[in-house]
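Computation of the quantities below employed the complete heavy-atom set of this structure, encompassing side-chain atoms and omitting hydrogens, waters and symmetry-equivalent molecules. In what follows, chains are A, B, ... by sequence order, proteins preceding strands, each numbered from 1.
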There are 2 protein chains.
Amino acid sequence: MPAKTSGSRSSAAVEDYLERILELINTKGYARVVDIATSLRISQASVTNMVQRLDAEGLLKYEKYRGLVLTIAGETLARNIARRHELLSEFLQLLGLDQRVIDHDVEGMEHHISPATLRAIEALTDQLRRRPALLARLQGAAS
Amino acid sequence: MPAKTSGSRSSAAVEDYLERILELINTKGYARVVDIATSLRISQASVTNMVQRLDAEGLLKYEKYRGLVLTIAGETLARNIARRHELLSEFLQLLGLDQRVIDHDVEGMEHHISPATLRAIEALTDQLRRRPALLARLQGAAS
DNA sequence: TCCCTGATTTAGGCATGGCTAAGTTAGTTA
DNA sequence: TAACTAACTTAGCCATGCCTAAATCAGGGA
Ligand SMILES: [Mn+2]
Ligand SMILES: [Mn+2]
Ligand SMILES: [Mn+2]
Ligand SMILES: [Mn+2]
(Lines give C-alpha, C1' and ligand atoms only; values in the text may rest on other atoms or scores of the structure.)
(Ligands and ions follow the chains in the order given, each with its own letter.)
Protein backbone atom coordinates (compact mmCIF):
# COMPACT_ATOMS: atom_id res chain seq x y z
CA MET A 1 0.00 0.00 0.00
CA PRO A 2 1.54 3.29 -1.18
CA ALA A 3 1.86 6.28 1.11
CA LYS A 4 -1.28 7.70 -0.46
CA THR A 5 -0.37 11.35 -0.53
CA SER A 6 -3.58 12.62 -2.05
CA GLY A 7 -4.15 11.04 -5.45
CA SER A 8 -6.14 7.81 -5.15
CA ARG A 9 -9.92 8.07 -5.28
CA SER A 10 -11.81 6.76 -2.29
CA SER A 11 -13.90 3.64 -2.65
CA ALA A 12 -17.59 3.51 -1.86
CA ALA A 13 -16.76 1.53 1.29
CA VAL A 14 -14.32 4.16 2.52
CA GLU A 15 -16.87 6.89 1.89
CA ASP A 16 -19.56 5.00 3.77
CA TYR A 17 -17.30 4.52 6.78
CA LEU A 18 -16.24 8.16 6.89
CA GLU A 19 -19.79 9.38 6.46
CA ARG A 20 -21.02 7.22 9.29
CA ILE A 21 -18.13 8.08 11.57
CA LEU A 22 -18.79 11.78 11.13
CA GLU A 23 -22.46 11.26 11.80
CA LEU A 24 -21.75 9.35 14.99
CA ILE A 25 -19.34 12.01 16.18
CA ASN A 26 -21.91 14.71 15.46
CA THR A 27 -24.71 12.92 17.27
CA LYS A 28 -23.05 11.22 20.22
CA GLY A 29 -19.70 12.92 20.37
CA TYR A 30 -17.53 9.92 19.49
CA ALA A 31 -17.46 6.91 17.22
CA ARG A 32 -16.42 3.61 18.70
CA VAL A 33 -15.81 0.42 16.78
CA VAL A 34 -18.96 -1.16 18.12
CA ASP A 35 -21.07 1.85 17.16
CA ILE A 36 -19.73 1.93 13.64
CA ALA A 37 -20.28 -1.79 13.28
CA THR A 38 -23.86 -1.64 14.47
CA SER A 39 -24.63 1.38 12.35
CA LEU A 40 -23.22 -0.11 9.16
CA ARG A 41 -24.49 -3.59 10.01
CA ILE A 42 -21.12 -5.24 9.64
CA SER A 43 -18.91 -7.11 12.12
CA GLN A 44 -16.69 -5.38 14.63
CA ALA A 45 -13.71 -7.20 13.18
CA SER A 46 -14.36 -5.69 9.77
CA VAL A 47 -14.58 -2.24 11.33
CA THR A 48 -11.31 -2.66 13.21
CA ASN A 49 -9.71 -3.64 9.96
CA MET A 50 -11.00 -0.68 8.00
CA VAL A 51 -10.28 1.77 10.78
CA GLN A 52 -6.66 0.66 10.81
CA ARG A 53 -6.55 1.12 7.07
CA LEU A 54 -8.07 4.59 7.25
CA ASP A 55 -5.48 5.46 9.88
CA ALA A 56 -2.71 4.26 7.56
CA GLU A 57 -4.19 6.39 4.79
CA GLY A 58 -4.21 9.44 7.03
CA LEU A 59 -7.98 9.89 7.07
CA LEU A 60 -8.21 9.43 10.83
CA LYS A 61 -6.07 8.99 13.90
CA TYR A 62 -6.60 5.74 15.68
CA GLU A 63 -5.30 4.49 19.02
CA LYS A 64 -5.76 0.78 19.58
CA TYR A 65 -8.39 -0.09 22.15
CA ARG A 66 -8.97 3.61 22.66
CA GLY A 67 -10.69 5.74 20.08
CA LEU A 68 -10.40 7.67 16.86
CA VAL A 69 -10.67 11.17 15.49
CA LEU A 70 -10.97 12.25 11.89
CA THR A 71 -8.07 14.14 10.38
CA ILE A 72 -8.73 17.25 8.33
CA ALA A 73 -8.47 15.16 5.18
CA GLY A 74 -10.88 12.60 6.59
CA GLU A 75 -13.38 15.15 7.79
CA THR A 76 -13.28 16.91 4.45
CA LEU A 77 -14.06 13.68 2.65
CA ALA A 78 -16.75 12.85 5.18
CA ARG A 79 -18.47 16.20 4.79
CA ASN A 80 -18.28 15.85 1.04
CA ILE A 81 -20.00 12.48 0.89
CA ALA A 82 -22.51 13.61 3.51
CA ARG A 83 -23.41 16.53 1.30
CA ARG A 84 -23.95 14.32 -1.72
CA HIS A 85 -26.14 12.05 0.39
CA GLU A 86 -28.16 14.93 1.72
CA LEU A 87 -28.70 16.60 -1.63
CA LEU A 88 -29.67 13.44 -3.46
CA SER A 89 -32.02 12.57 -0.65
CA GLU A 90 -33.75 15.94 -0.81
CA PHE A 91 -34.06 15.66 -4.56
CA LEU A 92 -35.73 12.27 -4.43
CA GLN A 93 -37.97 13.37 -1.57
CA LEU A 94 -39.20 16.13 -3.81
CA LEU A 95 -40.19 13.49 -6.35
CA GLY A 96 -42.39 11.89 -3.73
CA LEU A 97 -40.57 8.61 -3.40
CA ASP A 98 -40.88 6.33 -0.42
CA GLN A 99 -38.21 7.08 2.17
CA ARG A 100 -37.01 3.48 2.30
CA VAL A 101 -36.49 3.47 -1.45
CA ILE A 102 -34.70 6.80 -1.21
CA ASP A 103 -32.39 5.63 1.55
CA HIS A 104 -31.48 2.53 -0.39
CA ASP A 105 -30.88 4.18 -3.74
CA VAL A 106 -29.05 7.20 -2.37
CA GLU A 107 -26.69 4.99 -0.40
CA GLY A 108 -25.49 3.59 -3.70
CA MET A 109 -25.81 6.56 -6.04
CA GLU A 110 -24.01 9.03 -3.79
CA HIS A 111 -20.67 7.44 -4.67
CA HIS A 112 -21.03 8.16 -8.37
CA ILE A 113 -22.02 11.82 -8.45
CA SER A 114 -19.36 14.16 -9.78
CA PRO A 115 -19.23 17.81 -8.72
CA ALA A 116 -20.85 19.05 -11.92
CA THR A 117 -23.74 16.62 -11.62
CA LEU A 118 -24.16 17.56 -7.99
CA ARG A 119 -24.42 21.23 -8.87
CA ALA A 120 -26.91 20.53 -11.64
CA ILE A 121 -29.17 18.48 -9.41
CA GLU A 122 -28.88 21.12 -6.72
CA ALA A 123 -30.00 23.82 -9.13
CA LEU A 124 -32.84 21.65 -10.35
CA THR A 125 -33.95 20.94 -6.81
CA ASP A 126 -34.02 24.66 -6.07
CA GLN A 127 -36.18 25.32 -9.10
CA LEU A 128 -38.52 22.44 -8.41
CA ARG A 129 -39.19 23.66 -4.90
CA ARG A 130 -40.74 26.73 -6.45
CA ARG A 131 -42.99 24.77 -8.74
CA PRO A 132 -45.42 22.75 -6.66
CA ALA A 133 -47.69 22.45 -9.68
CA LEU A 134 -45.08 20.64 -11.67
CA LEU A 135 -44.22 18.40 -8.74
CA ALA A 136 -47.87 17.59 -8.21
CA ARG A 137 -48.01 16.29 -11.74
CA LEU A 138 -45.25 13.86 -10.86
CA GLN A 139 -46.89 12.19 -7.91
CA GLY A 140 -48.62 9.56 -10.01
CA ALA A 141 -45.32 7.85 -10.72
CA ALA A 142 -44.07 7.89 -7.16
CA SER A 143 -43.30 4.77 -5.12
CA MET B 1 -21.82 -21.23 -5.64
CA PRO B 2 -25.53 -21.95 -5.28
CA ALA B 3 -27.70 -22.90 -8.25
CA LYS B 4 -28.95 -19.35 -8.43
CA THR B 5 -32.53 -19.98 -9.38
CA SER B 6 -33.65 -16.37 -9.51
CA GLY B 7 -33.12 -14.72 -6.16
CA SER B 8 -29.66 -13.17 -5.95
CA ARG B 9 -29.23 -9.58 -7.10
CA SER B 10 -26.81 -8.98 -9.93
CA SER B 11 -23.61 -7.09 -9.22
CA ALA B 12 -22.63 -3.93 -11.03
CA ALA B 13 -19.99 -5.90 -12.91
CA VAL B 14 -22.51 -8.46 -14.13
CA GLU B 15 -24.83 -5.71 -15.27
CA ASP B 16 -22.05 -3.96 -17.14
CA TYR B 17 -21.08 -7.14 -18.94
CA LEU B 18 -24.64 -7.96 -19.94
CA GLU B 19 -25.33 -4.42 -21.07
CA ARG B 20 -22.23 -4.37 -23.25
CA ILE B 21 -22.86 -7.83 -24.67
CA LEU B 22 -26.37 -6.84 -25.71
CA GLU B 23 -25.05 -3.67 -27.28
CA LEU B 24 -22.42 -5.58 -29.26
CA ILE B 25 -24.97 -8.09 -30.47
CA ASN B 26 -27.28 -5.30 -31.53
CA THR B 27 -24.58 -3.41 -33.43
CA LYS B 28 -22.40 -6.10 -34.96
CA GLY B 29 -24.52 -9.19 -34.62
CA TYR B 30 -22.33 -11.05 -32.15
CA ALA B 31 -20.17 -10.52 -29.07
CA ARG B 32 -16.81 -12.20 -28.97
CA VAL B 33 -14.51 -12.29 -25.96
CA VAL B 34 -12.07 -9.92 -27.64
CA ASP B 35 -14.84 -7.43 -28.46
CA ILE B 36 -16.20 -7.42 -24.93
CA ALA B 37 -12.70 -7.01 -23.53
CA THR B 38 -11.89 -4.06 -25.76
CA SER B 39 -15.23 -2.42 -25.13
CA LEU B 40 -15.02 -2.71 -21.34
CA ARG B 41 -11.27 -2.02 -21.33
CA ILE B 42 -10.42 -5.15 -19.39
CA SER B 43 -8.32 -8.18 -20.25
CA GLN B 44 -9.56 -11.04 -22.40
CA ALA B 45 -8.79 -13.43 -19.56
CA SER B 46 -11.13 -11.54 -17.25
CA VAL B 47 -13.86 -11.68 -19.88
CA THR B 48 -13.47 -15.42 -20.38
CA ASN B 49 -13.79 -15.83 -16.67
CA MET B 50 -16.93 -13.76 -16.32
CA VAL B 51 -18.53 -15.27 -19.41
CA GLN B 52 -18.10 -18.72 -17.92
CA ARG B 53 -19.65 -17.49 -14.71
CA LEU B 54 -22.61 -15.93 -16.52
CA ASP B 55 -23.09 -19.22 -18.34
CA ALA B 56 -23.11 -21.06 -15.03
CA GLU B 57 -25.69 -18.60 -13.74
CA GLY B 58 -27.89 -19.16 -16.76
CA LEU B 59 -27.65 -15.65 -18.11
CA LEU B 60 -26.06 -16.74 -21.37
CA LYS B 61 -25.13 -19.86 -23.30
CA TYR B 62 -21.44 -20.20 -23.93
CA GLU B 63 -19.52 -22.68 -26.05
CA LYS B 64 -15.80 -22.69 -25.39
CA TYR B 65 -13.75 -21.19 -28.21
CA ARG B 66 -16.97 -20.59 -30.11
CA GLY B 67 -19.41 -17.92 -29.09
CA LEU B 68 -22.25 -16.94 -26.82
CA VAL B 69 -25.89 -16.00 -26.86
CA LEU B 70 -27.92 -14.39 -24.13
CA THR B 71 -30.65 -16.46 -22.52
CA ILE B 72 -34.07 -14.94 -21.97
CA ALA B 73 -33.07 -14.19 -18.39
CA GLY B 74 -29.84 -12.60 -19.53
CA GLU B 75 -31.43 -10.52 -22.23
CA THR B 76 -34.10 -9.35 -19.81
CA LEU B 77 -31.46 -8.18 -17.37
CA ALA B 78 -29.48 -6.60 -20.18
CA ARG B 79 -32.45 -4.64 -21.50
CA ASN B 80 -33.27 -3.57 -17.98
CA ILE B 81 -29.87 -2.10 -17.24
CA ALA B 82 -29.70 -0.59 -20.72
CA ARG B 83 -32.95 1.19 -20.02
CA ARG B 84 -31.69 2.60 -16.74
CA HIS B 85 -28.57 3.80 -18.51
CA GLU B 86 -30.53 5.42 -21.31
CA LEU B 87 -33.01 7.14 -19.05
CA LEU B 88 -30.43 8.51 -16.64
CA SER B 89 -28.38 9.71 -19.56
CA GLU B 90 -31.31 11.58 -21.08
CA PHE B 91 -32.12 13.13 -17.75
CA LEU B 92 -28.61 14.45 -17.21
CA GLN B 93 -28.41 15.65 -20.81
CA LEU B 94 -31.47 17.72 -20.12
CA LEU B 95 -29.60 19.36 -17.27
CA GLY B 96 -26.94 20.45 -19.71
CA LEU B 97 -24.07 18.43 -18.35
CA ASP B 98 -20.97 17.58 -20.32
CA GLN B 99 -21.34 14.25 -22.08
CA ARG B 100 -18.12 12.86 -20.60
CA VAL B 101 -19.34 13.64 -17.10
CA ILE B 102 -22.68 12.08 -17.91
CA ASP B 103 -21.13 8.90 -19.27
CA HIS B 104 -18.96 8.54 -16.21
CA ASP B 105 -21.63 9.21 -13.60
CA VAL B 106 -24.34 7.19 -15.31
CA GLU B 107 -22.09 4.18 -15.60
CA GLY B 108 -21.96 4.11 -11.81
CA MET B 109 -25.41 5.38 -10.84
CA GLU B 110 -27.34 3.05 -13.14
CA HIS B 111 -26.67 0.14 -10.80
CA HIS B 112 -28.41 1.77 -7.87
CA ILE B 113 -31.72 2.94 -9.33
CA SER B 114 -34.75 1.04 -8.12
CA PRO B 115 -37.88 0.76 -10.28
CA ALA B 116 -39.75 3.44 -8.33
CA THR B 117 -36.88 5.91 -8.67
CA LEU B 118 -36.60 5.12 -12.34
CA ARG B 119 -40.27 5.87 -12.89
CA ALA B 120 -40.04 9.12 -10.95
CA ILE B 121 -37.06 10.35 -12.93
CA GLU B 122 -38.77 9.32 -16.12
CA ALA B 123 -41.84 11.34 -15.23
CA LEU B 124 -39.70 14.31 -14.26
CA THR B 125 -37.78 14.10 -17.52
CA ASP B 126 -41.03 14.12 -19.45
CA GLN B 127 -42.21 17.22 -17.64
CA LEU B 128 -38.90 19.02 -17.98
CA ARG B 129 -38.88 18.52 -21.72
CA ARG B 130 -41.99 20.68 -21.87
CA ARG B 131 -40.44 23.46 -19.82
CA PRO B 132 -37.52 24.92 -21.74
CA ALA B 133 -37.75 28.05 -19.63
CA LEU B 134 -37.09 26.17 -16.45
CA LEU B 135 -34.27 24.25 -18.05
CA ALA B 136 -32.72 27.45 -19.34
CA ARG B 137 -32.55 28.70 -15.78
CA LEU B 138 -30.48 25.66 -14.92
CA GLN B 139 -27.73 26.09 -17.46
CA GLY B 140 -25.61 28.27 -15.23
CA ALA B 141 -24.81 25.33 -13.00
CA ALA B 142 -23.97 22.93 -15.81
CA SER B 143 -20.56 21.32 -16.30
C1' DT C 1 -2.69 -31.05 -45.64
C1' DC C 2 0.21 -28.33 -42.48
C1' DC C 3 1.36 -24.24 -40.25
C1' DC C 4 0.63 -19.50 -38.48
C1' DT C 5 -1.50 -16.49 -35.84
C1' DG C 6 -5.15 -14.22 -33.62
C1' DA C 7 -8.50 -15.58 -30.33
C1' DT C 8 -9.18 -17.91 -26.30
C1' DT C 9 -8.41 -20.37 -22.06
C1' DT C 10 -5.81 -21.72 -17.97
C1' DA C 11 -2.83 -20.97 -14.10
C1' DG C 12 -1.47 -18.31 -10.55
C1' DG C 13 -1.72 -13.78 -8.15
C1' DC C 14 -3.41 -9.64 -5.96
C1' DA C 15 -6.57 -6.04 -3.68
C1' DT C 16 -10.83 -5.10 -1.52
C1' DG C 17 -13.95 -5.92 1.83
C1' DG C 18 -16.68 -9.01 4.10
C1' DC C 19 -17.05 -13.12 7.90
C1' DT C 20 -16.31 -16.26 12.27
C1' DA C 21 -13.71 -17.92 16.05
C1' DA C 22 -10.41 -17.20 19.31
C1' DG C 23 -7.72 -14.35 22.05
C1' DT C 24 -6.73 -9.67 24.54
C1' DT C 25 -7.70 -5.34 26.96
C1' DA C 26 -9.54 -2.33 30.20
C1' DG C 27 -13.21 -0.29 32.79
C1' DT C 28 -16.61 -1.48 36.24
C1' DT C 29 -18.10 -3.99 40.09
C1' DA C 30 -18.09 -6.85 43.99
C1' DT D 1 -7.84 -5.32 44.37
C1' DA D 2 -9.48 -9.28 41.80
C1' DA D 3 -12.59 -10.82 38.52
C1' DC D 4 -16.08 -10.18 35.15
C1' DT D 5 -17.51 -8.66 30.75
C1' DA D 6 -18.18 -5.72 26.91
C1' DA D 7 -15.27 -3.93 23.52
C1' DC D 8 -11.71 -4.77 20.71
C1' DT D 9 -8.04 -7.15 17.95
C1' DT D 10 -5.96 -11.01 15.57
C1' DA D 11 -5.89 -15.02 12.73
C1' DG D 12 -7.54 -17.35 9.13
C1' DC D 13 -11.07 -17.64 5.44
C1' DC D 14 -13.91 -16.53 1.50
C1' DA D 15 -16.06 -14.22 -2.77
C1' DT D 16 -15.62 -10.91 -6.29
C1' DG D 17 -13.09 -9.13 -10.02
C1' DC D 18 -9.21 -7.82 -12.18
C1' DC D 19 -4.28 -8.84 -13.89
C1' DT D 20 -0.12 -11.15 -16.52
C1' DA D 21 2.13 -15.03 -18.49
C1' DA D 22 1.84 -19.25 -20.52
C1' DA D 23 -0.59 -22.66 -22.92
C1' DT D 24 -4.14 -24.16 -26.39
C1' DC D 25 -7.41 -23.90 -30.26
C1' DA D 26 -9.12 -23.22 -34.88
C1' DG D 27 -9.67 -21.08 -39.28
C1' DG D 28 -7.31 -19.51 -43.42
C1' DG D 29 -3.39 -19.53 -46.43
C1' DA D 30 0.78 -21.76 -48.45
MN1 LIG E 1 -23.20 4.89 0.47
MN1 LIG F 1 -24.66 7.92 2.50
MN1 LIG G 1 -22.31 0.59 -15.28
MN1 LIG H 1 -24.30 1.43 -18.55
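- Considering only side-chain N and O atoms, A:Y17 lies under 4.0 angstrom from the phosphate OP1 or OP2 of C:dG18.
- Judged purely by atom type and a 3.5 angstrom limit, B:T27 uses its side chain to pair as donor or acceptor with the backbone of B:E23.
- Proximity note for A:A45 (side chain, C-beta onward) versus D:dT24, D:dG17, D:dT10: the nearest is D:dT10.
- Considering only side-chain N and O atoms, B:S11 lies under 4.0 angstrom from the phosphate OP1 or OP2 of D:dG17.
- Looking at which nucleotide of DNA chain C each of A:Q44 and A:R66 is closest to, the 5′-most match is held by A:Q44.
- Considering only side-chain N and O atoms, B:Q52 lies under 4.0 angstrom from the phosphate OP1 or OP2 of C:dT10.
- Judged by distance alone, the side chains of A:N80 and A:R84 do bring a donor and an acceptor atom under 3.5 Å apart.
- Per the geometry, CD belonging to A:E57 stands 13 Å off C1' belonging to C:dG17, to the nearest Å.
- Taking the charged nitrogens against the carboxylate oxygens, A:R9 and A:E15 do have a contact shorter than 4.0 Å, which makes a salt bridge.
- Which of D:dA7, C:dG18, D:dG17 sits closest to the side chain of A:A13 comes down to C:dG18.
- If you check D:dC18, C:dA7, C:dC19 against the side chain of B:I42, the one that comes closest is D:dC18.
- Regarding A:K64, its NZ atom lies at a distance of 9 Å from the C1' atom of D:dT10, rounded to whole Å.
- Between B:S46 and the phosphate of D:dC19, there is a side-chain N or O to OP1/OP2 separation shorter than 4.0 Å.
- Taking every side-chain heavy atom of B:T48 into account, C:dT8 is the closest of D:dG17, C:dT8, D:dT10.
- Remark: the backbone N or O of A:G58 is paired with a side-chain donor or acceptor of A:T71 at under 3.5 angstrom.
- Checking the phosphate oxygens (OP1, OP2) of C:dG18, no side-chain nitrogen or oxygen of A:S43 falls inside 4.0 Å.
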